[in-house]
Asker: 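Before I ask anything, here is the structure I am working with.
Whatever order the structure lists them in is the order used to number ligands and atoms, beginning at 1.
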Amino acid sequence: MPKESKVEQAKRQGRHLRGTISETLVAEVTHFTGDDLTLLKFHGTYQQDDRDLRRSRDEGAEKAFSFMVRVALPAGTLDAGQYLTLDEVADRYANGTLRVTTRQGFQFHGVLKHELKETIAEVNRRLMTTLAACGDVSRNVMGCPAPVDDPAHAAVRAAARGIAEQLRPASRAYHEIWLDGEKQVSTEEEPFYGDVYLPRKFKTGVALSTDNCVDIWSQDVGLVAIVDGRDVRGFNLLVGGGLGMTHHKADTSARLAQPLGFVETEHAVEAVRTVAAIFRDYGNRADRRHARLKYLVAEWGMEKLRAEFESRVGVRLAPAVELPALPYHDHLGRHRQPDGQWFYGVFVQSGRITDTDGHRLKTALHEIVTRFGPGVRLTGQQNVLLTDLDDVAVKATETILRDHGVTPPQELSATRRFSMACPALPTCGLAVAESERAMPEILDQIEGELTALGLRDEPLTIRMTGCPNGCARPYTADIAFVGRSLGLYNIYVGGGLGGDRVVDLFRADVRMGDLLDALRPLLLRWASERWPGEGLSDFYQRLIGRAARRTFITGREEPTADLVTLTVGS
Ligand code: SRM
Ligand code: SF4
């Protein structure tokens, strides 16, 4: 039996997420140490330090510690009052910015230890939670955020809520520590998770066969609602997606989920819970790098997993419904709701809601939400939807945004509109390169090139991350820049908006200043040789003559170098 990892030991000894967090919270120190660093994650917070300040601090001086706090919002849904609370918390306790995450949550950065408790308590006072936003548990459940009140969208929202409720940790530790709840330790505290929770994070999402805005193929477990008119016939159950990998490690891989079968609507949440239980019981607890569900699925194969699933639920799984490529909507701009009201999708560059010179998005959103009290929904592309606006309110929304320097989505280039970047430096402890801070300049360059080639409005996903962990889902994008070390990136190409195809490594170790030059040969060929309407990745796949879509890539991928040397028209 392999030895369990240190994280497993920390969980086992943590008394269902308690550790010594309460004691350290009141101690005169700026940060936590030891096992508490693991346990804090389950409460939705990460200890970080400002990496920009590391060098300038005196030798021997303490790091500039602060906390990232993540709010989990199933299907990205909140109301106006909740939004305004988060906006205020960002100013009062964090660094004055709110960040929409790639999984439809919100993050604060820069919270100091002495204000951590009040930050989390304030989120809870408004009936939101940070519990299980991070850690080895079921994470924020993704679901299409479009405010459409037909039975299909309602079924998606219900499934997302159901998974979130069914897989929420039951330990009272969260209430005791952050909300001054009564101490009630009992041995039966976690009927589902037990003492050691899951072997690793577990991500789920619910898509529609008519809209895959939640990147369903990259989830550990996905449900795809089979839409029939306005209704849902049931769900395809997908398993084994996940994007994190490590450069040069062939035994790590980014993988797309595969269909396991079809489940009736009333059994969909239970089906996800059953897969979570299999993961809990058989996932790798010795090696964190191989602990995700995708490795268990790869090791077992679908037949063994299906047999285990069926033996647990006591019925045979029907085959998954064959579906064409899933469409994808970003929900940006003005849309009529079925009830006659409007919703308006606001583009947020890299998810960061902030005020900068000439672009005062945070103030604009604050004004709109205060004046009109819309519903607020977060998309899986780091954007915000404002819902339930009447004719006057939607017009005013557009005016307020423009007055604050926010470009309407229809005027953005397609390249920018579909772009995503992870936070990376200076907050992320795992970043080896810039991402969010580097993205604007890179987009400017690529946008300029594509405009010159007449391709400005061709839908194209560009995603960037500061390390290979994949937080902005780079491995399903048309073009991805993945950090190798400071100022150095791997370039990947070949995914696409549908998220159902994994990229190839196109060029390794390209300096930041050379990214556009490295891509140019491909962009030029795309411009001159594409079939009418052919997207970059479809063109690329045709060029390399690949018939079937690629479903995984390992960290040891070799670049497809021959393409780079090709010149226009040759
Ligand atoms: Fe992530 C770790 C940020 C979505 C794969 N992710 C981190 C940490 C917590 C760094 C750390 O462990 O110290 C990052 C915090 C940075 C910061 O300063 O805020 C971080 N991940 C994010 C967010 C905020 C990126 C964003 O631009 O929005 C996303 C939060 C989503 C949420 O609300 O829950 C985020 N992370 C993702 C995704 C995309 C997704 O889930 O759809 C992935 C790839 C999918 C997957 O999980 O396979 C992802 N994050 C990782 C990994 C690699 C996991 C693996 O299996 O190898 C890590 C590292 C780890 O877990 O060890 C990581
Ligand atoms: Fe940090 Fe890497 Fe995730 Fe970016 S991809 S937020 S650098 S862990």
Side-chain angles (χ1 to χ4, degrees), residues 7 37-38 40-41 44-51 66-74 76 94-95 97 99-110 130 132-142 199-205 214-220 222 240-247 249 252-257 288-295 348-352 378-383 419-439 463-476 480-483 499 555:
V7 173
L37 294 175
T38 294
L40 275 173
K41 297 177 188 176
T45 181
Y46 264 70
Q47 182 165 298
Q48 303 183 318
D49 70 285
D50 187 330
R51 297 185 56 188
S66 68
F67 293 80
M68 175 271 273
V69 177
R70 190 180 288 169
V71 182
L73 299 159
N95 66 358
T97 74
R99 196 167 187 291
V100 186
T101 74
T102 53
R103 295 191 64 78
Q104 302 176 280
F106 265 127
Q107 275 189 189
F108 303 111
H109 286 110
T130 65
C134 317
D136 294 347
V137 280
S138 169
R139 298 295 191 84
N140 195 33
V141 186
M142 294 184 74
R200 202 68 161 86
K201 55 179 79 170
F202 181 74
K203 297 182 172 179
T204 62
V214 298
D215 249 343
I216 201 70
W217 304 102
S218 64
Q219 311 285 338
D220 290 76
L243 300 183
M245 60 182 191
T246 309
H247 291 308
K249 299 262 185 233
T252 65
S253 52
R255 289 176 179 270
L256 298 183
R288 300 278 295 168
R289 263 200 301 124
H290 292 131
R292 293 290 293 272
L293 177 69
K294 63 184 174 183
Y295 295 112
V348 186
Q349 176 92 62
S350 303
R352 186 73 66 178
L378 310 182
T379 77
Q381 291 76 44
Q382 306 176 315
N383 297 319
S419 64
M420 295 210 286
C422 74
L425 295 167
T427 53
C428 179
L430 304 179
V432 293
E434 294 283 354
S435 178
E436 182 183 330
R437 295 195 295 199
M439 190 60 149
R463 296 178 181 172
M464 184 163 200
T465 56
C467 86
N469 279 324
C471 296
R473 295 190 289 273
Y475 308 117
T476 55
F481 304 116
V482 174

Asker: What is the closest protein heavy atom to atom 1 (Fe) of ligand 1, and at what distance does it sit?
Answerer: C471 SG, 2.3 Å
Asker: Heavy atoms only: which of H290, K203, R473 is nearest to atom 43 (C) of ligand 1?
Answerer: K203
Asker: How far is atom 15 (C) of ligand 1 from its nearest protein heavy atom, and which residue and atom is that?
Answerer: M68 CE, 3.9 Å
Asker: To the nearest 0.1 Å, how far is atom 56 (O) of ligand 1 from its closest protein heavy atom, and which atom is that?
Answerer: R292 NH1, 2.8 Å
Asker: Looking only at heavy atoms, which two atoms of Q104 and L378 are closest? And how far apart?
Answerer: NE2-O, 2.9 Å
Asker: May I ask whether Q107 places a heavy atom under 4.0 Å from ligand 1?
Answerer: yes
Asker: With a cut-off of 2.8 Å, does C467 place any N/O/S atom under that distance from atom 2 (Fe) of ligand 2?
Answerer: yes
Asker: Heavy atom of K294 under 4.0 Å from ligand 1?
Answerer: no
Asker: Nearest 0.5 angstrom please: K203 NZ to Q219 CD, how far?
Answerer: 8.0 Å
Asker: I need the nearest protein heavy-atom contact for atom 58 (C) of ligand 1: residue, atom name and distance, please.
Answerer: K201 NZ, 3.3 Å
Asker: How far apart are the closest heavy atoms of G205 and I216, and which atoms are they?
Answerer: O-CD1, 3.2 Å
Asker: Is H109 near ligand 1, meaning one of its heavy atoms is under 4.0 Å from it?
Answerer: yes
Asker: When you measure from atom 48 (O) of ligand 1 to every protein heavy atom, which one gives the shortest distance, and what is it?
Answerer: L243 N, 2.6 Å
Asker: I'd like the name of whichever of D136, T427, V71 reaches closest to atom 18 (O) of ligand 1 through any heavy atom.
Answerer: T427
Asker: Relative to ligand 1, is R99 under 4.0 angstrom through side chain, backbone, both or neither, heavy atoms considered?
Answerer: side chain
Asker: Hey, does A421 sit under 4.0 Å from ligand 1 if you only count heavy atoms?
Answerer: yes
Asker: Specify the protein heavy atom at minimum distance from atom 3 (C) of ligand 1: its residue, its atom name, and the distance to 0.1 Å.
Answerer: R70 NH2, 3.6 Å
Asker: Is it the side chain, the backbone, both or neither of R139 that has a heavy atom closer than 4.0 Å to ligand 1?
Answerer: neither
Asker: Would a 4.0 Å cut-off, counted as strictly less than, catch a protein heavy atom around atom 8 (C) of ligand 1?
Answerer: no
Asker: What is the closest protein heavy atom to atom 29 (C) of ligand 1, and at what distance does it sit?
Answerer: T102 OG1, 3.4 Å
Asker: If you have a sec, work out which protein heavy atom is nearest atom 4 (Fe) of ligand 2 and how many Å separate them, to one decimal?
Answerer: C422 SG, 2.3 Å
Asker: Compute the shortest N/O to N/O distance between L430 and ligand 1 and return yes if it is under 3.5 Å, no if not.
Answerer: no
Asker: Does Q382 approach ligand 1 within less than 4.0 angstrom via side chain, backbone, both or neither, non-hydrogen atoms only?
Answerer: side chain
Asker: Please confirm whether S435 approaches ligand 2 to less than 4.0 Å, judged on its heavy atoms.
Answerer: no
Asker: If you have a sec, work out which protein heavy atom is nearest atom 33 (O) of ligand 1 and how many Å separate them, to one decimal?
Answerer: T101 OG1, 2.5 Å
Asker: Near G466, which atoms of ligand 2 are under 4.0 Å from a heavy atom of that residue?
Answerer: 4 (Fe), 7 (S)
Asker: Please report the interatomic distance CE(M245) to OG(S253), rounded to the nearest 0.5 Å.
Answerer: 8.5 Å
Asker: Could you tell me if any non-hydrogen atom of E436 lies under 4.0 Å from any atom of ligand 1?
Answerer: no
Asker: Just one of R288, K41, R200 clears the salt bridge (charged side-chain N to carboxylate O under 4.0 Å, His left out) bar with D136, so which one?
Answerer: R288
Asker: Does the residue Q48 have a heavy-atom contact with ligand 1, meaning some pair of atoms that are separated by less than 4.0 Å?
Answerer: yes
Asker: Is the shortest N/O to N/O distance between Q104 and ligand 1 below 3.5 Å?
Answerer: no
Asker: Could a heavy atom of N140 be found less than 4.0 Å from some atom of ligand 1?
Answerer: no
Asker: Assess C428: does it contribute an N, O or S atom lying under 2.8 Å from atom 1 (Fe) of ligand 2?
Answerer: yes
Asker: Kindly identify the option in R200, R103, R255 whose heavy atom sits closest to atom 62 (O) of ligand 1.
Answerer: R200
Asker: Determine, using heavy atoms of R289 and all atoms of ligand 1, whether some pair is separated by less than 4.0 Å.
Answerer: no
Asker: Looking at atom 3 (Fe) of ligand 2, what's its closest protein heavy atom, distance included?
Answerer: C471 SG, 2.2 Å
